[in-house]
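Please read the structure below before turning to the comments.
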Amino acid sequence: MFSYRHAFHAGNHADVLKHATLIAVLRHLTAKPVPITVVDTHAGAGLYRLDSDAAHTSGEMTEGIQRLRQQLAATGTPPTELIAQYLEVLDHFQSAAGESAYPGSPFISKHLLRSEDKLKLFELHPTDARLLEKHVEQLEAQRQVAVLREDGFEQSKKFLPPPSRRGLVLMDPSYELKTDYAKVVDTLKDHLKRFATGTYMVWYPIIARPESQDLPRRLKSLAMQSGKDWLSASLRIKSGKVADAPTIPGQSQARPGLVASGVFLINPPYTLKAALKEALPQLVECLGQDHQSGFTLEGSN
């Protein structure tokens, strides 16, 4: 436990999908003149640097945000609206904090929220929790943003329902423990009883583990049993076979790493499916590396 740190994965293809979707959701929720509360159950450090030792150790940003920018520039293709909004948010942080700055979900949320909105950030990892607190202190937004060193699965319920009855719960645990998959479903069951009209967004890795393969089905069943609209999207950038990974002379064969991930939403914005339908083919075109790349998109309507 606590071995996972998102600094090694910041800006990868999974972040591109997750953060582009998150931005679209928040833009929709903040369009109405009613305050919202955003609850982030696994917030991480909040802000990362793509020139850090951790980022260079994995090099995952080269298959994510860096490749996206490079491919768009090389082809001269204008980004879709959803991708353009994502790049606009990144440009804001990079102009303020340097070209290597990459915002995690807490800073993306804070950037898009209004003064009347609230942000609740949960993080248990000792190092990331300290970094998150330090980063949030620099924002001088303590009344708006709360950082809690507590179990986001268990303790996030205390903020539901929010006073305005409008808000978003984001769940993107590391899934370092296979029990995280069941906790996602159980937490959603509880939260839907407390806050039935809330928007819920779950990110998950698509890996060769039964719990991972089964999670979208379980989330779909939960949404249907609850009578809620749902939306599911996934992005794959390449084959997951070890044999297809590049071989470096004198070194053992590299593993392909995470090659696919998904997002599942309950009570999604009605505009999101159309936005993803337009954006996902462009993400595959820019980030895909072989014939196994592709996307899925389905929903209740």
Side-chain angles (χ1 to χ4, degrees), residues 1-23 26 38-68 86 89-90 93-94 97-98 100-111 119-136 138-139 145 147-153 156 168-178 180-181 183-184 201-207 209 212 215 235 237 255-263 287:
M1 189 175 181
F2 292 151
S3 64
Y4 177 91
R5 295 193 63 203
H6 194 67
F8 290 91
H9 313 286
N12 67 2
H13 61 88
D15 266 1
V16 173
L17 173 64
K18 176 174 63 178
H19 291 152
T21 304
L22 174 63
I23 289 166
L26 289 174
V38 175
V39 178
D40 193 332
T41 64
H42 296 78
L47 188 65
Y48 307 93
R49 296 199 64 85
L50 299 183
D51 59 356
S52 69
D53 290 341
H56 279 286
T57 296
S58 68
E60 290 184 21
M61 72 283 190
T62 62
E63 294 185 322
I65 181 57
Q66 287 187 2
R67 185 180 178 95
L68 176 63
Y86 167 62
V89 170
L90 298 193
F93 283 96
Q94 291 171 354
S100 67
Y102 188 88
S105 53
F107 269 55
I108 290 174
S109 297
K110 174 61 179 68
H111 174 63
L119 179 59
K120 312 297 183 182
L121 305 174
F122 289 87
E123 180 54 52
L124 271 178
H125 192 290
T127 302
D128 281 352
R130 287 194 297 271
L131 287 171
L132 180 62
E133 289 171 347
K134 180 180 178 180
H135 291 152
V136 170
Q138 296 173 359
L139 295 174
V145 183
V147 178
L148 303 102
R149 295 195 188 192
E150 301 172 2
D151 182 353
F153 282 132
S156 53
L168 166 69
V169 176
L170 171 64
M171 281 189 242
D172 61 336
S174 67
Y175 298 96
E176 182 181 9
L177 301 175
K178 66 179 183 180
D180 282 354
Y181 295 93
K183 285 184 177 180
V184 164
M201 177 176 163
V202 174
W203 174 88
Y204 61 95
I206 298 176
I207 56 178
R209 170 178 273 181
S212 171
L215 183 59
L235 173 67
I237 64 163
R255 289 187 171 276
L258 180 67
V259 300
S261 68
V263 288
L287 303 182

*Looking only at atom types and distance, does a side-chain atom of His135 sit under 3.5 Å from a main-chain N or O of Ala45, one as donor and one as acceptor?*
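At least one qualifying donor-acceptor pair exists.
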
Decide yes or no for [X] and [Y]: does some side-chain heavy atom of the first lie under 4.5 Å from some side-chain heavy atom of the second?
X: Met171; Y: Tyr204; answer: no
X: Ile108; Y: Ile23; answer: yes
X: Glu133; Y: Glu123; answer: no
X: Ile65; Y: Leu50; answer: yes
X: Val38; Y: Leu170; answer: no
X: Met201; Y: Val263; answer: yes
X: Leu17; Y: Ser261; answer: yes

_Hydrogens and angles aside, do His13 and Glu63 bring a side-chain donor and acceptor to less than 3.5 Å of each other?_
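No, no side-chain donor-acceptor contact under 3.5 Å.
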
What are the two closest non-hydrogen atoms of [X] and [Y], and how far apart are they?
X: Trp203; Y: Pro173; answer: CZ3-O, 3.9 Å
X: Val16; Y: Gly11; answer: CG2-O, 4.5 Å
X: Leu124; Y: Asp151; answer: CD1-CA, 3.8 Å
X: Lys18; Y: Asp172; answer: NZ-OD2, 2.7 Å
X: Ser109; Y: Leu119; answer: CB-CD1, 3.9 Å
X: Leu22; Y: Ser105; answer: CD2-CB, 3.7 Å

If you round to the nearest 0.5 Å, how far is [atom2] of [Y] from [atom1] of [X]?
X: Gln66; Y: Leu287; atom1: CD; atom2: CG; answer: 12.0 Å
X: Leu131; Y: His125; atom1: CG; atom2: NE2; answer: 9.5 Å
X: Leu26; Y: Thr21; atom1: CG; atom2: OG1; answer: 11.0 Å
X: Lys110; Y: Leu121; atom1: NZ; atom2: CG; answer: 11.0 Å
X: Ser174; Y: His42; atom1: OG; atom2: NE2; answer: 7.0 Å
X: Ile237; Y: Arg67; atom1: CD1; atom2: CZ; answer: 7.5 Å

*Could you walk me through whether Gln138 and Lys134 pass the side chain to side chain contact (heavy atoms under 4.5 Å, CB included) test, one step at a time?*
CA-CA 7 Å; Gln138 296 173 359; Lys134 180 180 178 180; 4.2 Å; yes

With sequence neighbours left out, write down each residue that passes ring-ring contact (aromatic ring centres under 6.0 Å, His included) with [X], or none if nothing qualifies.
X: His56; answer: none
X: Tyr102; answer: His19
X: Tyr86; answer: none

*Test Ser212 against Tyr175 for side chain to side chain contact (heavy atoms under 4.5 Å, CB included), laying out the working first.*
CA-CA 9 Å; Ser212 171; Tyr175 298 96; over 6 Å; no

*Stepwise, does the side chain to side chain contact (heavy atoms under 4.5 Å, CB included) test hold for Asp15 with His6?*
CA-CA 10 Å; Asp15 266 1; His6 194 67; 2.9 Å; yes

